[in-house]
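So that the names make sense, note that chain A is the first sequence line, chain B the second, and so on, each numbered from 1. Keep in mind that this is a model prediction, so the values were computed, not measured.
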Amino acid sequence: MSDPTTDSPVIPASSGSSAPLYLIDGSGYIFRAFHALPPLTRPDGTPVNAVYGFCAMILKLIEDLKAERLAVIFDAGRRSFRNDIYPEYKAHRPEAPEELVPQFPLIRDATRAFALPCIEMVGFEADDLIASYARAARDAGQEVVIVSADKDLMQLVRDGVALMDPMKAKRIGADQVFEKFGVAPDRVVDVQALAGDSTDNVPGVPGIGIKTAAQLIGEYGDLDTLLARASEIKQPKRRQNLIEHADKARMSRELVRLREDVALPDPLDSLHVGEMVPEVVLSFLEQQGFSSLIAKLRPHLGHIKPVTGGSAGAGAAAVADEISEAGRQYELVQDEAALARWIEAATEAGIVGFDTETTGLDPHRASLVGLSLAVSPGRACYVPLRHVAAAEKQGALDLSAAQGGLDLAGDGGGHGGATGDDGAPPAQIPVGRALEMLKPLLEAPGVLKVGQNIKYDMIIMAREGILVSPIDDTMVMSYALDGTRHGHGMDELAQIHLGVTPISFDAVTGRGRDRISFAAVTLDRACAYAAEDADITLNLHRMLKPRLAAEHVRALYERTDRALVPVLARMERRGIRVDREALGRASREFADAMAILETRIHELAGESFNVGSPKQLGEILFDKLNLPGGKKGKTGAYATGADILQKLVVEGHELPAKVLEWRQLAKLKNTYADALVETINPETGRVHTSFALTITTTGRLSSNDPNLQNIPVRTVEGRRIRRAFVPDPGFVLMSADYSQIELRLLADIAGITTLRDAFRDGIDIHALTASQVFGLPVEGMDPMVRRKAKAINFGIIYGISAFGLAQQLDIPQSESRRYIEAYFERYPGIRDYMERAKADARAHGFVTTIFGRKCWTPDISAKNPALRAFAERAAINAPLQGSAADIVRLAMVQLDRALEASPLGARMLLQVHDEILLEVPVAEVDETTALVRQVMQDVVSRPVPYVVEVGIGDNWDAAH
DNA sequence: GCACTCACG
DNA sequence: GACGTACGTGAGTGCT
């Protein structure tokens with residue numbers, strides 16, 4: 001067994017005897033935390049998000065790394081000696097945002113409150129002090145770990161000096177430096193001197209970036225040699241630039257090279273983690289309202305009294321304190337009287353945290369094992385329903401170790417006292433009786449049931465005959481508020497908003513081979529885990545709910561996202577019928593065809609190999625047969641994607657053609673024909689997907705287990721799969737899809753009157769684009785020209801690039817560039833829209849849909865131009881894709897209501913982004929068509945019509 | 001666990 | 001003449 005401490009990725013190779021010295025780049029961290037964390041203010045309005053991030057990081061470092069020697073180092077101001085060398089150094093940087101300014105002194109206060117050395121020096125940047133301390137420590141034979149994400153510090157990496165990214169907990173060694181700069185750490189300054197750095201305004205040599213710089217340094221050894229021998233450079237422009245800007249390069253090197261000779265403000269041996277004074281730390285944290293951190297820290301401070309009673313109006317403070325071990329009262333409910341008390345308390349409160357425990361992740365197969373209720377912070381219970389005799393395995397699990405040192409359960413392990421005798425199930429209220437008692441509460445219109453991903457619990461309960469309503473969902477709330485800035489799992493939300501680490505599921509049930517069913521968990525453990533989840537859910541609700549209105553997403557959440565939850569639950573529960581035999585036949589035929597293709601492929605290759613292995617295929621094609629094509633990617637493997645193989649086919653090669661056919665069949669057989677049959681639920685005989693509402697950056701849903709949003713449609717072979725999706729007897733399938741919804745939104749949002757009128761008049765939009773770009777009449781448009789225009793329209797929606805369009809149409813970039821110019825000349829408003837989207841993203845970090853959903857674009861200001869360009873295109877696309885997603889969400893909510901209110905028997909089955917698939921009684925087709933079309937088209941009232949096309953069939957393909 | 005490939009809108 | 005590309009997903013397979 002390996003010692004767990006050796007798994008830490010950040011401990012440098014051991015050499016010296018004293019503990020490693022951690023040098024923390026305080027200034028770098030402030031900016032990073034400020035931009036990474038959502039706004040957070042003290043009750044008095046002072047912004048403290050960066051302070052919070054800083055404190056959390058420091059506590060984690062001390063705890064995780066058991067750091068003994070440490071210093072936090074700051075910039076002392078904007079000016080440094082570098083401004084004397086080059087006045088423009090960092091001169092273009094804007095002033096710090098006003099929400100950040102008051103946090104600078106607070107972070108220094110925090111450092112001192114934690115009893116940590118806090119170091120800065122006028123005239124030098126934090127990086128210089130870090131370099132100087134690292135140098136001194138290394139000279140003294142001590143190990144150093146620099147905690148920073150700043151690439152400028154990479155030059156310091158060497159034996160005994162490691163760099164570590166505080167957020168990713170990733171160690172950056174010489175290898176990672178080489179990945180970034182293409183040279184060893186000791187040559188990083190030379191590369192930076194040549195390439196310059198736009199964020200710091202270091203000029204470098206024009207026309208040279210990191211790649212070229214690394215190549216040059218690799219060739220000539222170092223900057224001075226390169227400059228001395230610049231006349232040998234072959235490329236004329238590059239040679240001239242190197243000669244002309246040699247001085248600038250040398251100066252740039254002075255700017256980027258860190259000073260290692262700064263007089264140390266505090267002696268090296270004074271940098272140790274001091275003893276925290278509880279009153280000082282707690283009073284500081286309380287002033288900031290960081291009760292979650294107080295809760296976390298208190299066990300480490302020994303037995304001290306809570307600070308002043310004033311919970312200062314901070315919701316977070318009260319909540320986190322109650323979550324801390326002292327304030328919790330979790331009760332195991334094993335008799336009817338106790339359950340009745342909890343039901344009464346929940347009814348009284350009008351709101352209840354609710355969670356179910358089951359035997360698995362799939363809500364359509366798992367069975368209910370127990371459920372938990374939380375009525376106020378810290379007060380929660382667990383009601384076991386179908387527990388069996390406890391498994392023996394769990395006695396070996398160390399529950400407290402899995403909680404990161406906080407014994408939240410107050411139960412250090414051992415056998416639960418409430419468990420029954422060996423072999424017999426533990427005492428529980430008979431499940432039928434318990435559910436009978438709970439049903440009125442869970443269905444009571446006056447009691448809000450709050451869950452975390454409550455769709456899961458609603459499906460489980462629906463299978464028990466209970467329709468949970470009304471509901472709130474903290475996961476969905478979190479998504480409406482913060483989009484994809486972070487995930488929305490309970491553990492992550494608890495950490496972010498409450499500062500607690502819930503007991504992990506794995507700690508309760510074990511993992512891998514040793515995993516036991518939740519039904520076999522002892523009741524004490526089950527209660528500690530399950531009641532905590534309900535408790536945390538209710539506490540998250542308190543934190544998130546007020547933010548909805550404050551951050552202007554309340555209507556979005558309540559009318560669109562939350563309203564969709566029960567609709568999706570019903571759809572998932574209903575499932576869709578799939579013809580098992582049809583898929584079986586397809587599978588066998590695909591297999592036969594593949595076998596024939598495989599024989600021919602091996603024949604053409606002259607040897608037998610695994611056609612399914614891109615690596616082996618690449619070697620056959622490009623090494624053995626010497627076909628034209630090249631290496632690609634970091635792995636050095638040949639690219640063998642469909643586009644590459646298709647090019648070879650055009651050149652007349654048979655082997656790649658056969659491989660393409662084989663791949664298509666392999667995909668259809670493995671991913672669809674075979675896998676889909678496995679997902680047919682034995683109880684219902686139908687396939688039940690799960691729709692995720694909180695995954696995508698734009699507000700789209702996603703579908704998984706199985707994914708029913710990517711069923712083949714584009715090829716005849718593929719449509720065989722689609723034909724296996726069939727209605728119940730007496731029903732037909734109805735497909736209703738929004739026509740050109742994203743292009744309509746573009747016309748709408750960008751206010752393009754020509755396009756708007758074309759949509760109003762029902763004109764063929766691709767033919768219109770062709771006419772505008774190529775100057776041809778719409779009437780009698782050549783289909784090939786129309787195809788190009790269609791690609792342009794798609795490209796526009798994706799944030800067009802000459803490269804992408806050229807790739808798509810297989811034309812030279814010069815040609816695609818001309819098309820794009822012609823397009824923008826005709827539609828200047830669309831270019832304006834794109835610029836506006838990018839500017840919005842830069843200003844706020846997000847763009848919005850017409851419903852006010854925020855789509856976050858974190859890389860919009862990335863230094864890496866590729867990353868930034870990616871984010872810019874996403875910023876252009878997101879309002880279009882996202883508004884479409886909102887419209888469809890709302891359409892589903894309203895259609896569900898309309899169908900409910902009508903006598904019609906139609907039911908929604910699936911959503912595929914711009915399509916809703918329904919099952920409709922044969923006799924009601926006409927009436928349902930009219931209703932569906934009306935509801936969907938009238939979801940929004942805008943200047944551009946949103947037209948819906950409806951198809952009917954006795955399978956999904958036919959309905960299309 | 002990651003890279004590659006490919007299915008969909 | 002630097003970057004490496006169309007936007008958004010989920011799943012199966014091969015390979016380390």
Colleague: Are A/Lys838 and A/Glu835 close enough for a salt bridge, meaning some N to O gap below 4.0 Å?
Modeller: yes
Colleague: Using a 4.0 Å heavy-atom cut-off, does A/Asn864 contact any base of the nucleic acid, only the sugar-phosphate backbone, or nothing at all?
Modeller: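 Touches nothing.
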Colleague: Heavy atoms from C-beta onward define the side chain here; which of C/dT9, C/dC7, C/dA11 lies closest to that of A/Lys667?
Modeller: C/dA11
Colleague: Between atom NZ in A/Lys615 and atom P in C/dG14, what is the gap in whole Å?
Modeller: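 One finds 13 Å between P of C/dG14 and NZ of A/Lys615, rounded.
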Colleague: A/Gln616 near the nucleic acid: base, sugar-phosphate alone, or nothing, with a heavy-atom cut-off under 4.0 Å?
Modeller: sugar-phosphate
Colleague: For the atom pair CG (A/Leu655) and CD1 (A/Ile620), what is the distance rounded to the nearest 0.5 Å?
Modeller: 8.0 Å
Colleague: Under 4.0 angstrom, heavy atoms only, what part of the nucleic acid is A/Phe803 near: base, sugar-phosphate, or nothing?
Modeller: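 Base, at least one base heavy atom under 4.0 Å.
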Colleague: Using a heavy-atom cut-off of 4.0 Å across all strands, would you classify A/Ala869 as base, sugar-phosphate, or nothing?
Modeller: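 The answer is nothing, as A/Ala869 stays clear of every strand by at least 4.0 Å.
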Colleague: Ignoring hydrogens, what is the shortest heavy-atom contact between A/Arg720 and A/Glu589? Give both atom names and the distance.
Modeller: NH1-OE1, 2.6 Å
Colleague: From CG of A/Asp810 over to C1' of C/dA6, roughly how many Å is that when rounded to an integer?
Modeller: 15 Å
Colleague: Rounded to whole angstrom units, what separation is found between the CH2 atom of A/Trp662 and the P atom of C/dG12?
Modeller: 15 Å
Colleague: Both A/Gly207 and A/His913 contact DNA chain C. Taking the nearest nucleotide for each, which residue is further toward the 5' end?
Modeller: A/Gly207
Colleague: Without decimals, in angstroms, what is the distance between A/Phe609 CZ and C/dC15 P?
Modeller: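 For the pair A/Phe609 CZ and C/dC15 P, the rounded distance is 12 Å.
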Colleague: Regarding A/Asp705, tell me which of base, sugar-phosphate or nothing describes its non-hydrogen contacts under 4.0 Å with the strands shown.
Modeller: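 A/Asp705: backbone/sugar contact only, no base atoms under 4.0 Å.
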Colleague: Looking at A/Phe846, does the NZ or CZ of A/Lys854 lie under 6.0 angstrom from its six-membered ring centre and within 45 degrees of the ring axis?
Modeller: yes
Colleague: Please classify the nucleic acid contact of A/Ala884 as base, sugar-phosphate, or nothing, using heavy-atom distances under 4.0 Å.
Modeller: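 Touches nothing.
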Colleague: Let me know the distance between CD of A/Glu949 and C1' of B/dG9, rounded to the nearest Å.
Modeller: 15 Å
Colleague: Counting the atoms with a prime plus P, OP1 and OP2 as sugar-phosphate, which does A/Ile797 contact under 4.0 Å by heavy atoms, base, sugar-phosphate, or nothing?
Modeller: nothing
Colleague: Ignoring hydrogens and angles, are the base of C/dG1 and the side chain of A/Arg238 linked by a donor-acceptor pair under 3.5 Å?
Modeller: no
Colleague: When the P atoms of B/dA3 and C/dG4 are considered, how many whole Å apart are they?
Modeller: 15 Å
Colleague: Would you indicate what A/Lys211 reaches in the nucleic acid, counting non-hydrogen atoms under 4.0 angstrom: base, sugar-phosphate, or nothing?
Modeller: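 Contact class for A/Lys211: sugar-phosphate only.
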Colleague: So A/His688 and A/His364, would you call those rings parallel, tilted or perpendicular, with 30° and 60° as cut-offs?
Modeller: parallel
Colleague: Of the non-hydrogen atoms in A/Asn955 and A/Leu733, which two are nearest, and what is the gap between them?
Modeller: C-CD1, 3.7 Å
Colleague: When the C1' atoms of B/dC8 and C/dC3 are compared, how many Å lie between them, rounded to an integer?
Modeller: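 That atom pair is separated by 30 Å.
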Colleague: At under 4.0 Å between heavy atoms, what does A/Ala791 touch on the DNA or RNA strands: base, sugar-phosphate, or nothing?
Modeller: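 Counting heavy atoms under 4.0 Å across all strands, the contact made by A/Ala791 includes a base.
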Colleague: Whole-Å distance between B/dC8 P and A/His960 NE2?
Modeller: 11 Å
Colleague: Remember a base hit wins even if backbone is also touched, and classify A/Ala642 as base, sugar-phosphate or nothing at under 4.0 Å, heavy atoms.
Modeller: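 Sugar-phosphate only.
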Colleague: Pick the closest DNA chain C nucleotide for A/Gly209 and for A/Gln709 by heavy atoms, then say which residue is nearer the 5' end.
Modeller: A/Gly209
Colleague: Flag this pair as yes if the NZ/CZ of A/Arg873 is under 6.0 angstrom from the six-membered ring centre of A/Phe870 and inside a 45 degree cone about the axis; otherwise no.
Modeller: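 Judged by the rule (NZ or CZ under 6.0 Å from the ring centre, within 45° of its axis), A/Arg873 counts as positioned above A/Phe870.
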Colleague: Taking Watson-Crick (N1-N3 plus N6-O4 or O6-N4) and G-U wobble (N1-O2, O6-N3), each under 3.5 Å, can you produce the dot-bracket string of DNA chain C? Use [ ] for crossing pairs and | for inter-strand ones.
Modeller: ......|||||||||.
Colleague: Within the 4.0 Å heavy-atom criterion, would you say A/Thr696 contacts the bases, only the backbone, or no part of the nucleic acid?
Modeller: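 The answer is sugar-phosphate, as A/Thr696 gets under 4.0 Å only of primed atoms, P, OP1 or OP2.
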Colleague: Classify A/Arg714 by what it touches in the nucleic acid, base, sugar-phosphate, or nothing, heavy-atom distance under 4.0 Å.
Modeller: base
Colleague: Rounding to an integer number of Å, can you tell me how far A/Leu676 CG sits from B/dC8 P?
Modeller: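 That distance rounds to 14 Å.
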Colleague: From C-beta outward on A/Pro712, which listed nucleotide comes closest to its side chain: C/dT5, B/dA7, C/dC7?
Modeller: B/dA7
Colleague: Tell me what A/Ile208 touches on the nucleic acid: a base, only sugar-phosphate, or nothing, going by heavy atoms under 4.0 Å.
Modeller: nothing
Colleague: Do you know the tightest heavy-atom contact between A/Phe691 and A/Glu572?
Modeller: N-OE2, 2.9 Å
Colleague: Can you tell me how far P in B/dC4 sits from the matching atom in C/dT5, rounded to whole Å?
Modeller: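 Their P atoms lie roughly 11 Å apart.
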Colleague: More than 12 foreign heavy atoms under 6.0 Å from NZ of A/Lys455: is that the case here?
Modeller: yes
Colleague: With respect to the side chain of A/Val713, which nucleotide from B/dG9, C/dG10, C/dT13 is positioned closest?
Modeller: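 So the side chain of A/Val713 is nearest to B/dG9.
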Colleague: For the pair made of CD in A/Glu742 and C1' in C/dA6, what is the distance, rounded to whole Å?
Modeller: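 Atom-to-atom, A/Glu742 to C/dA6, this comes out as 13 Å.
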Colleague: Please work out if A/Gly795 contacts a base, only the sugar-phosphate, or nothing of the nucleic acid, heavy-atom cut-off 4.0 Å.
Modeller: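 Base contact.
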